[in-house]
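All values below come from the heavy atoms of this structure, side chains included, with hydrogens, waters and symmetry mates left out. Remember, it's a predicted structure, so these values are computed and weren't measured experimentally. For ligands, and for the atoms within them, numbers begin at 1 and follow the listed sequence.
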Amino acid sequence: MCGIVGYIGASPAVPYLVGGLEKLEYRGYDSAGIALIDRQGIAVIREKGRIDELKKLLGEEKNESTVGIGHTRWATHGEPCRKNAHPHVSQKGLFALVHNGIIENSEELRQELMAEGYVFSSETDTEVISALAEKYYDGCPVRALMRTAERLVGSYALGVLCRDFPDRILCARKGSPLLLALDERGGLLFSDKVAFEGLREVYRLEDGEFAVLKQDNITFLDAMGRNIDKSPSRLAGDEYDAGKQGYAHFMLKEIDQQPRAFSRTAEAYLQGEDIVFPGFSLSEDQARSLDMIYLVACGSAYNAAAAAQYTLQQIVNLPCRSVIASEFRYTRHYIGKNTLCVFISQSGETADTIAAMELARRQGGRTLSIINVPDSTMAVGSDGVIYTLAGTEIAVATTKAYSAQLAALYLVTAYLGKRRGELSEENYRLFLNHLKGIGAEIKGALALRSRCESLSRIFDGQNDIYFIGRKTDYALAAEGALKMKEISYLHCEAYAAGELKHGTISLIEEGTPVVAVCLRKDILKKTVSNISEVKARGAFVLAVTQERYAPLFSEADEILAIPDLADEELSVPAGAVPLQLLSYYTALRRGCAIDKPRNLAKSVTVE
Ligand code: AGP
């Protein structure tokens with residue numbers, strides 16, 4: 001995924017473009033660049049690496065321009081380097097553009113254009129767009145962009161400058177988010193609202209739509225060039241603030257925000273003892289008619305789904321399956337009108353999850369999306385939507401959004417359990433009481449911070465780390481392994497504790513770190529046995545459990561014990577905290593770029 005910004009107004013464009021890119025850097029940071037229209041035409045400044053590298057190239061002379069576009073890249077086609085950085089300029093200098101998405105037929109178009117004498121200067125798919133715009137330009141840049149869009153197969157969010165029309169930025173969107181705003185600053189273009197602070201309302205471009213952004217007005221057009229009336233979405237106040245509030249990293253701040261993220265989400269949909277989702281409802285008949293529930297997501301959202309699957313299946317008395325979105329798309333499913341397909345995503349823009357959701361809809365399933373970013377693509381593409389209220393999450397490694405996803409999934413569990421008659425009034429009330437207490441349990445686990453900082457020494461310098469557990473502890477182990485991998489760059493493997501002895505235990509040798517997640521009494525003795533098995537092969541075992549069970553882990557080398565939990569079926573949110581902190585402090589110890597780990601982006605809007 002990449003970050004796109006654009007500005008057109010009465011002020012110098014560079015400060016707005018650079019400031020916006022700095023806030024969008026979490027979307028990708030292989031390279032960055034801006035394009036400005038000035039008296040000489042279109043000036044392009046690009047650089048490999050982070051925005052700070054680009055800033056070194058921006059002298060005062062660039063401050064005369066008041067219209068420009070900017071881009072921060074997560075490479076898909078072409079290595080991260082200056083020539084592949086956006087913006088890309090057409091051969092005669094007529095068009096400069098920034099792109100988020102993938103052009104699937106770029107090679108075919110490249111061959112066609114080269115046969116007509118076009119000389120490409122990059123390895124990117126994006127450059128074919130600027131080349132086509134120049135090819136089709138007949139004096140009307142919008143027509144040229146529309147004709148270009150007709151040739152493109154794939155996804156794109158585009159910000160386009162035309163040298164002959166310095167009073168506007170052209171925009172087009174298909175499959176990747178693109179938002180616009182007008183305020184006292186002028187006309188603003190961005191792929192995520194965090195790019196510009198103080199936004200009060202935004203316009204969301206839909207697939208197949210175009211826009212002409214000027215300093216004080218926006219024209220929206222459909223694919224036929226007909227004007228479209230669009231109303232802006234008002235932005236709710238958000239807890240996101242520009243700074244880290246004294247934290248060294250956004251990730252640590254967001255770990256600490258988890259009690260509020262969980263509680264805010266859980267309580268937002270409680271009206272007394274009723275669960276009310278403004279964007280989703282099922283009657284008792286519809287709930288009782290359900291034949292299957294799919295939970296579909298990627299990465300940490302998938303790990304949340306995998307944890308919730310156990311609880312959901314246990315309580316609603318239905319077959320429930322958590323499936324990785326990129327796998328869901330290529331598997332035979334038996335989806336019908338009584339199949340509930342739940343798609344979980346922090347960004348609401350993950351291409352694999354969106355594609356899976358579209359497949360489920362085509363097969364007649366009832367789709368529900370659980371997302372954290374309002375007005376994201378998934379919000380408008382599913383039958384129902386439930387927002388998590390984690391606030392804007394900046395660190396690429398998700399924490400508070402993961403917790404809030406669990407809150408939403410637990411609410412759905414209680415909602416369906418009650419409507420299906422599977423939860424008695426007493427058990428329903430008990431479930432809700434436990435749910436309301438999880439924010440405090442997460443807070444209690446945060447007290448382990450210094451212990452986790454100290455224990456992070458176990459992992460530094462290790463080549464292989466194993467996270468093991470059973471049932472929800474296994475799903476939690478998977479999240480712990482992912483966190484450690486993505487920010488510490490240490491190879492980790494999550495393994496079902498009971499499965500280890502069927503092969504993988506051969507990899508355990510003297511000093512191999514094994515994190516044994518064991519928060520549940522119902523599988524505790526089994527996991528203790530698995531600890532004995534790996535200890536017998538020389539492993540160094542760190543047990544993550546509740547205080548009440550700590551004495552049972554005498555064989556472990558170290559124990560991280562969170563305060564006792566009210567309901568072990570709902571142990572994942574608090575249990576995640578020590579795992580998040582262990583990964584954070586290990587990455588800190590290793591000097592890793594914690595908020596923006598190498599090779600990653602906050603949301604992967606390409607397949
Ligand atoms: C989690 O820390 C990662 N950043 C990544 O696995 C992420 O969860 C995944 O890409 C899904 O993103 P989404 O929730 O925005 O769909």
- Message: Go through it in stages, so that I can follow the logic: the residues are Glu486 and Lys483, the test is salt bridge (charged side-chain N to carboxylate O under 4.0 Å, His left out), and I'd like the CA-CA distance, side-chain angles, deciding distance and then a yes or no.
- Response: CA-CA 5 Å; Glu486 66 176 328; Lys483 286 280 123 1; 3.0 Å; yes
* Asked: salt bridge (charged side-chain N to carboxylate O under 4.0 Å, His left out) between Asp383 and Arg361: does it pass, once the steps are laid out?
  -> CA-CA 9 Å; Asp383 298 324; Arg361 290 200 72 173; 3.2 Å; yes
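Looking from atom 15 (O) of ligand 1 to the surrounding protein, the closest heavy atom is Ser347 OG, 2.7 Å. Protein heavy atom closest to atom 7 (C) of ligand 1, with residue, atom name and distance, is Ser300 N, 4.1 Å. Counting protein heavy atoms only, atom 11 (C) of ligand 1 is closest to Cys298 O, 3.5 Å. Gly299 CA, 3.2 Å is the protein heavy atom nearest to atom 6 (O) of ligand 1. Summary of contacts: the protein heavy atom closest to atom 16 (O) of ligand 1 is Thr350 OG1, 2.5 Å. When hydrogens are left out, the protein atom nearest atom 10 (O) of ligand 1 is Val604 CG2, 4.4 Å; that is the closest non-hydrogen contact.
Remark: ligand 1 and Thr353 share no N or O pair separated by less than 3.5 Å (distance only, no angle test). Checked by distance only, ligand 1 and Gln346 come closer than 3.5 Å through their nitrogen or oxygen atoms. Checked by distance only, ligand 1 and Glu486 come closer than 3.5 Å through their nitrogen or oxygen atoms.
The existence of a salt bridge linking Glu327 and Arg329 is excluded, since no basic side-chain nitrogen approaches an acidic carboxylate oxygen closer than 4.0 Å. The pair Glu209-Lys174 fails the salt-bridge criterion, with no side-chain N (NZ, NE, NH1 or NH2) lying under 4.0 Å from an Asp/Glu carboxylate O. Under a 4.0 Å N-O distance rule, the pair Asp460/Arg590 qualifies as a salt bridge.
Those atoms of ligand 1 with a heavy atom of Lys483 less than 4.0 angstrom away are 1 (C), 2 (O). Shown in contact with Ala397 at under 4.0 Å from a heavy atom are these atoms of ligand 1, numbered in order with element: 2 (O).
Two rings, from Phe467 and Tyr495, have their centers 6.0 Å or more apart. Ring-centre distance between Tyr584 and His249: below the 6.0 Å cut-off.
A distance of 9.5 Å separates CD of Glu453 from CG of Leu581, quoted to the nearest 0.5 Å. How far SG of Cys298 is from CD of Gln346: 13.0 Å, rounded to the nearest 0.5 Å.
In this comparison of Asp352, Val396, Leu600, the heavy atom closest to atom 4 (N) of ligand 1 sits on Val396.
For Glu349, the heavy-atom gap to ligand 1 stays at 4.0 angstrom or more.
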